[in-house]
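First comes the structure, then the notes that go with it.
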Amino acid sequence: AAIICLVLVACSKYIDVKVPEHEPRLVLHGYIATGELFKVAIGKSARPNSILVGDETFVNNAWALLFVDDVFRDSLRYDAQQKRYISQNVTAETGRTYKIVAGAPGFTSIETTTTATLPVNTISVVHQKKVRKTYYDYWIDDIQFSFQDPSNQKNYYLAALYPSVLSRTGLFCVYSSDPAIENIQS
């Protein structure tokens, strides 16, 4: 037993890791679907290993300008209740290019550009109830859906599943057997 203790003690080594000084930067976050008003959150990056409580990352004194096809269209207004900057009159349309330029006192301004892609065609949706059981012996359903992804475009998709209004339980977990969903694509 003494030899084992000696071996375990001999394997430890303390290393001082020098983390570079953190300079907070603005972060722009939003999901905008075609037909919806532009609504984005503007926050700030956090120091590594820091614990943030509540609204500490939100920036409420920023400005955000919305451009459509490189032409200024709107200045987004801050809604304190939603903690979002919202366009008053511009909705996303397919085929248009959008740019948001944002800034706040004490920060370097940021910008992002995206193009609203054309809708993709749904090929099929199949819902099979009580197909398998979980580890805890609860029934789960299978939902399979497929759509036509344009091969000449690099797109990312956001899928949303909602329980039926008649359902007594909410949607708790989503499992996927498609390895492409879990892999980061470059």
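For the numbers below, each heavy atom of this structure counts, side chains included, while hydrogens, waters and symmetry mates do not. Predicted model, so just to flag it, every value in this text is computed and none were measured.
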Under 3.5 Å, side chain of [X] to main-chain N/O of [Y], donor-acceptor pair present?
X	Y	answer
D69	T97	yes
D74	Q88	yes
T134	Y136	yes

Do [X] and [Y] belong together in a cluster built from hydrophobic side chains that touch within less than 4.5 Å?
X	Y	result
W63	V27	no
I110	I86	no
F107	F58	no
V90	I100	yes

Exercise for review: For K99 and D70, run side chain to side chain contact (heavy atoms under 4.5 Å, CB included): C-alpha distance rounded to whole Å, both residues' side-chain angles, the deciding distance at 0.1 Å, then the answer.
Suggested key: CA-CA 7 Å; K99 177 169 70 173; D70 286 327; 4.2 Å; yes
Practice item. Can you tell me which residue pairs pass the salt bridge (charged side-chain N to carboxylate O under 4.0 Å, His left out) test with a partner in residues 112-133, sequence neighbours excluded? Key: R132-D142, K133-D137
**Study point:** Flag if over 12 foreign heavy atoms under 6.0 Å of NZ, K39
**Key:** no
**Study point:** Over 12 non-hydrogen atoms of neighbours within 6.0 angstrom of OH in Y138
**Key:** no
Check your understanding: Do the ring planes of Y85 and Y78 sit parallel (below 30°), tilted (30 to 60°) or perpendicular (above 60°)?
Key -> tilted
Point to revise | Parallel, tilted or perpendicular: rings of F145 and F147 (30°, 60°) | key: parallel
Got [X] and [Y] here, is their nearest side-chain heavy-atom distance under 4.5 Å?
X	Y	result
I32	V40	yes
E23	S45	no
D141	H127	yes
F38	Y98	yes

Locate the shortest heavy-atom distance separating [X] from [Y]; write the atom from each residue and the value.
X	Y	value
L65	S75	CD2-OG, 4.0 Å
A104	L26	N-CD1, 3.8 Å
I42	A102	CD1-CB, 3.8 Å
F67	V101	CE1-CG2, 3.9 Å

Point to revise | Worked verdict on L66 versus L76 for side chain to side chain contact (heavy atoms under 4.5 Å, CB included) | key: CA-CA 7 Å; L66 175 61; L76 280 58; 3.6 Å; yes
Check your understanding: When you check the gap from the basic side-chain N to the acidic O, do R84 and D79 get nearer than 4.0 Å?
Key -> no
Check your understanding: Does a donor on one side chain sit under 3.5 Å from an acceptor on the other, for T34 and T94?
Key -> no
Exercise for review: Any chance you could measure T91, atom OG1, to R96, atom CZ, to the nearest 0.5 Å?
Suggested key: 9.5 Å
